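What follows is a single structure, written as structure tokens, with notes after it.
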Amino acid sequence: MHSEDQSRSRDEFVRMLTRCKNAVAFTGAGISTECGVPDFRSPDSAWRRNKPIPFADFLAREDMRLEAWRRKFAMDDLYADAKPGRGHAALQRLAANGPLSAVITQNIDGLHQQSGIAEDKVIELHGNGTFARCLECGSRHELSTVREEIAGRAAAPRCGCGGIVKSATISFGQAMPKEAMQRARRATLACDLFIAIGSSLVVHPAASFPLIAKQNGAFLIILNGEATPLDDQADLVLRSDIGDFLDPIWRDGVALPSATSASSPQDNKKTTL
Ligand code: NAD
């Protein structure tokens with residue numbers, strides 16, 4: 001985006017923020033690329049080197065479980081030092097001082113929580129890859145322990161209850177987390193501004209939330225480096241690098257809107273820049 005266009009877009013973005021009463025952010029892998037975590041759809045993404053292991057195979061076969069853990073630790077090692085980026089910081093501030101009531105994320109990297117945002121404001125649709133859970137009793141297992149167990153016994157870890165232990169993420173073929181989906185739906189229906197950031201918006205059912213928000217009367221902003229299938233539905237499309245776009249808003253000291261002083265979102269008009 002040309003810098004003049006970028007500044008006009010930023011003004012428009014801030015204007016929408018200042019007029020809303022309740023904003024919800026919906027984030028995808030694009031918010032974490034500047035932190036060193038590759039996204040899924042970019043060419044040569046490390047996430048696509050292997051055909052995914054379906055959940056049913058993970059459940060059925062020990063060799064698949066060992067392979068899944070091998071791949072997971074190889075990916076984890078690639079971005080072990082990842083820290084929250086400028087996009088995460090912007091959302092953290094907007095949640096702490098502004099009208100952002102929730103961050104619905106498809107990401108599994110835990111970087112929103114690391115940014116200091118209140119944990120109860122983060123809704124993880126695809127789980128969290130920074131720890132593991134027993135599929136039977138749900139108890140939490142630390143990845144360092146899982147690694148040690150696999151190295152020591154060459155067997156996939158089991159819980160004390162006998163259940164299979166799996167990274168706390170949602171695999172292909174695994175049911176979406178019921179509670180997170182319900183919370184995401186509630187947050188989406190309650191907001192008057194929905195901001196999709198860094199997602200190709202092609203992974204369903206997650207990508208249905210921007211549409212639900214829009215159909216419920218919320219204003220929809222899409223901030224992404226490339227076109228998405230929902231751009232036509234958006235009131236404002238921002239084609240920009242996420243960190244570059246969001247960072248100056250806080251760095252320049254633009255006054256954050258507060259939920260109490262917000263005026264009616266109806267003052268917003270459809271804008272595509
Ligand atoms: P995606 O890879 O499909 O789309 C990411 C989008 O972000 C792309 O359109 C890309 O052009 C854009 N993008 C990348 N860097 C950007 C930047 N700096 N500025 C602006 N735009 C940028 O990601 P998705 O829609 O989240 O779907 C991927 C799936 O894979 C999700 O289900 C997610 O669970 C998983 N995933 C998660 C992570 C993570 O936790 N960080 C990483 C990869 C994949």
Side-chain angles (χ1 to χ4, degrees), residues 1 6 9-10 13 25-55 68 71-72 74-91 103-115 122-131 143 166-177 180-181 184 194-211 221-231 234 236-249:
M1 196 185 284
Q6 181 139 323
S9 307
R10 209 176 277 123
F13 179 72
F26 173 88
T27 63
I31 199 169
S32 298
T33 52
E34 73 167 13
C35 314
V37 186
D39 67 9
F40 189 77
R41 250 151 279 274
S42 293
D44 305 324
S45 171
W47 295 94
R48 292 198 292 177
R49 271 184 209 144
N50 300 295
K51 200 166 152 239
I53 295 173
F55 184 55
R71 289 182 194 177
K72 166 150 183 63
M75 283 303 292
D76 283 3
D77 290 345
L78 278 183
Y79 56 82
D81 299 327
K83 295 275 176 294
R86 294 171 296 171
H88 299 98
L91 294 185
V103 175
I104 303 170
T105 188
Q106 299 170 91
N107 295 345
I108 56 169
D109 54 30
L111 291 178
H112 284 299
Q113 290 91 331
Q114 255 197 63
S115 77
V122 182
I123 303 170
E124 292 173 317
L125 296 179
H126 295 160
N128 188 310
T130 64
F131 59 92
L143 294 179
K166 179 182 174 293
S167 164
T169 51
I170 303 299
S171 297
F172 286 88
Q174 189 172 0
M176 294 293 282
M181 288 295 283
F194 193 97
I195 314 165
I197 303 173
S199 174
S200 57
L201 299 178
V202 297
V203 179
H204 285 271
S208 61
F209 287 108
L211 267 186
I221 299 178
I222 296 179
L223 168 55
N224 199 49
E226 62 180 5
T228 80
L230 299 188
D231 286 2
L236 180 62
V237 176
L238 304 162
R239 185 88 61 248
S240 173
D241 178 85
I242 294 160
D244 288 353
F245 184 85
L246 291 175
D247 196 47
I249 293 172

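When a ligand or atom number is given, it counts from 1 through the structure's own listing order. Values in this document were obtained by computation on a predicted structure and should not be read as measured data.
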_Over 60° means perpendicular and under 30° means parallel, so tell me whether Phe209 and Phe26 are parallel, tilted or perpendicular._
tilted
*If you measure from each non-hydrogen atom of Val37 to ligand 1, which part falls under 4.0 Å: side chain, backbone, both or neither?*
side chain
*Where the side chain of Asn224 meets the backbone of Ile197, is there a donor-acceptor pair that is under 3.5 Å apart?*
no
_Under 3.5 Å side-chain donor-acceptor pair for Ser171 and Lys166_ = yes
_Regarding atom 5 (C) of ligand 1: of the candidates Ala227, Gly198, Gly243, which has the closest heavy atom?_
Gly198
*Gln106: heavy atom below 4.0 Å from ligand 1, yes or no?*
yes
_Measuring from atom 26 (O) of ligand 1, which candidate in Gly87, Ser200, Ala29, Gly30 has the nearest non-hydrogen atom?_
Ala29
*asked:* With a 4.5 Å cut-off on side-chain heavy atoms, are Pro177 and Ile170 touching?
replied: yes
*Applying a strict 4.0 Å limit to heavy atoms, is Pro38 in contact with ligand 1?*
yes
*Have a look at ligand 1 and work out which part of Thr33, if any, has a heavy atom under 4.0 Å from it: side chain, backbone, both or neither.*
side chain
*Any idea which part of Ser240 is under 4.0 Å from ligand 1, heavy-atom wise: side chain, backbone, both or neither?*
backbone
*Who's closest to atom 2 (O) of ligand 1 heavy-atom-wise, of Tyr79, Phe40, Phe26, Phe245?*
Phe40
*asked:* Quick check on Asp77: does its CG atom have over 12 non-hydrogen neighbours (other residues, nucleotides or ligands) under 6.0 Å away?
replied: yes
